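Whatever order the structure lists them in is the order used to number ligands and atoms, beginning at 1. Being a predicted model, the structure only gives us computed values, none of them experimental.
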Amino acid sequence: MKVRIAKNKQEFAEFAFEEMIDVIKNKPDAILGLATGSTPICLYEKMIEDHKANRTTYKDIHSFNLDEYVGLDISNDQSYVYFMNDNLFKGIDIDKNNTNFLNGMAKDVDKECARYSKLLSENEIDIQLLGIGSNGHIAFNEPGTSFDSKAHKVDLQESTIKDNSRFFESIATTPTQALTMGLSEIMKAKKVLLMANGKNKADAIYGLVKGQMTENLPASILQNHPNCVVVVDEEAGSKL
Ligand code: F6R
């Protein structure tokens, strides 16, 4: 596992961008695994900037997003489809038909997760971008999730609902369930890029890099990944 500690916000975005663009330049038809949340926004800004300045094209790129809330329509500005359109896709030339999401409005959730798992088994992700929860979750694989898990429905933990409530009117209106890619599927990516910033991520980053590998800290499974890069700011890396 390679850990890169950024001295400031600019370097944080730059380090992550270097890892991402390296894959895209070497493979213009790469498959990207994408994440939402506040952490990767600075990376997406850089990808848009680069697309505009250097004409990097995404026309042959495909993507798979990690997760989606249950019960939010894609027109809801907190849905992850909306987030990706708003923060990345509208600024680059990706074909929306090449972007894949779990459908949080699906009537038959098990069937929807099986559909996504089948697609993931047929498509090898070249770079999987991840954030990390303050409780060590990756995607929405909460502590206690089996390392063998595939796409599934999750009851979000109290701490995750509280963390996510900053994007909603109140805790009461924050979704309590999500569909997520499983840990075994994340591990199949050729390269993993995990980004984390802020003090509230310091314990999770310590556990990921130096702790014991345990299902109680889902991100620790990445200790077994052959090509994992962790980009942190000084606060998130303060316990290393
Ligand atoms: C989002 C996701 C989550 C977030 C994590 C951190 O697609 O998979 O695991 O990466 O909750 O969120 P932020 O970046 O908002 O701190």
Side-chain angles (χ1 to χ4, degrees), residues 6 9 12-13 16 20 32-45 63-70 72 74 76-89 99-104 113 116 120 125 127-145 149-168 171 174-187 189 192-205 207-208 217-222 228-233 235-237:
K9 278 186 182 167
F12 181 66
M20 175 64 78
L32 312 181
L34 297 175
T36 57
S38 47
T39 315
I41 291 177
C42 61
L43 166 62
Y44 294 153
E45 284 168 358
S63 72
F64 284 87
N65 260 76
L66 283 171
D67 40 22
E68 180 59 281
Y69 287 123
V70 167
L72 290 196
I74 58 172
N76 186 306
D77 64 2
Q78 291 309 323
S79 82
Y80 287 167
V81 173
Y82 192 103
F83 174 100
M84 289 309 303
N85 286 335
D86 208 33
N87 288 287
L88 181 63
F89 297 158
T99 66
N100 295 277
F101 289 87
L102 280 152
N103 176 6
C113 291
Y116 212 61
L120 290 169
I125 290 179
I127 180 166
Q128 177 64 61
L129 175 63
L130 297 173
I132 187 169
S134 55
N135 64 0
H137 73 218
I138 48 177
F140 275 137
N141 293 286
E142 297 282 37
T145 306
S149 57
K150 292 192 170 165
H152 62 285
K153 185 170 96 172
V154 181
D155 290 323
L156 298 172
Q157 291 194 349
E158 257 339 279
S159 65
T160 302
I161 297 170
K162 193 163 161 257
D163 286 348
N164 293 345
S165 67
R166 68 191 193 280
F167 299 113
F168 294 85
I171 292 214
T174 306
T176 57
Q177 292 183 317
L179 305 185
T180 184
M181 209 186 269
L183 291 169
S184 72
E185 292 161 337
I186 291 172
M187 286 297 280
V192 171
L193 167 61
L194 184 142
M195 301 173 71
N197 56 3
K199 261 199 271 236
N200 66 326
K201 302 290 173 73
D203 286 329
I205 289 297
L208 153 65
L217 193 110
S220 66
I221 193 176
L222 297 172
C228 176
V229 182
V230 176
V231 174
V232 291
D233 71 352
E235 285 186 345

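In Leu130, neither the side chain nor the backbone holds a heavy atom less than 4.0 Å from any atom of ligand 1. At a heavy-atom distance under 4.0 Å, only side-chain atoms of Arg166, from C-beta outward, approach ligand 1. Here Thr39 has heavy atoms under 4.0 Å from ligand 1 in both its backbone and its side chain.
At under 3.5 Å, not a single nitrogen or oxygen of Gly37, backbone or side chain, sits near a nitrogen or oxygen of ligand 1. Between Ser38 and ligand 1, at least one pair of N/O atoms sits closer than 3.5 Å.
The CZ atom of Phe64 sits 7.5 Å away from the CE atom of Met181 when rounded to the nearest 0.5 Å. Taken to the nearest 0.5 Å, the OH atom of Tyr80 stands 11.5 Å off from the CZ atom of Phe101. Asn135 contributes atom CG, which lies 4.0 Å from atom OG of Ser159 (distance to the nearest 0.5 angstrom). One finds the CD atom of Glu68 at 8.0 Å from the CG atom of Leu102 (value rounded to the nearest 0.5 Å). For the atom pair OG1 of Thr160 and NE2 of His137, the computed distance is 5.0 Å after rounding to the nearest 0.5 Å. The distance from the CD1 atom of Ile186 to the NZ atom of Lys150 is 14.0 Å, given to the nearest 0.5 Å.
For atom 8 (O) of ligand 1, the closest heavy atom belonging to the protein is Asp67 OD2, 2.7 Å. Given atom 6 (C) of ligand 1, the protein heavy atom at minimum distance is Ile132 O, 3.4 Å. Protein heavy atom in closest approach to atom 5 (C) of ligand 1: His137 NE2, 3.4 Å. For atom 1 (C) of ligand 1, the closest non-hydrogen atom of the protein is Thr36 OG1, 3.1 Å. Ranking the protein heavy atoms by distance from atom 16 (O) of ligand 1 puts Lys201 NZ, 2.7 Å first. Atom 10 (O) of ligand 1 has Gly131 CA, 3.3 Å as its closest protein atom, hydrogens excluded (heavy atom only).
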Discussion item. Please evaluate residues Tyr69 and Phe167 with respect to the criterion ring-ring contact (aromatic ring centres under 6.0 Å, His included), reporting the C-alpha separation (whole Å), side-chain torsions for both, the decisive distance (0.1 Å), and the verdict.
Written reply: CA-CA 13 Å; Tyr69 287 123; Phe167 299 113; 8.9 Å; no
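Closest to atom 3 (C) of ligand 1 by heavy atom, among Ala196, Ala35, Ala139, is Ala139.
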Expected list for residues 82-89: side-chain donor-acceptor pairs under 3.5 angstrom, two or more places apart:
| unit_1 | atom_1 | unit_2 | atom_2 | d |
| --- | --- | --- | --- | --- |
| Asn85 | ND2 | Val81 | O | 3.4 |
| Asp86 | OD1 | Lys90 | NZ | 3.0 |
| Asn87 | ND2 | Phe83 | O | 3.0 |

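The number of heavy-atom neighbours closer than 6.0 Å to CD1 of Ile74, taken from other residues, nucleotides and ligands shown, is 12 or below.
Residue-ligand proximity: Met195 is placed with every non-hydrogen atom at 4.0 Å or more from ligand 1. For Glu142, the heavy-atom gap to ligand 1 stays at 4.0 angstrom or more.
In the vicinity of Leu66, heavy-atom distances shorter than 4.0 Å reach the ligand 1 atoms 8 (O).
Every salt bridge (charged side-chain N to carboxylate O under 4.0 Å, His left out) that Asp203 has, sequence neighbours left out, goes to Lys239.
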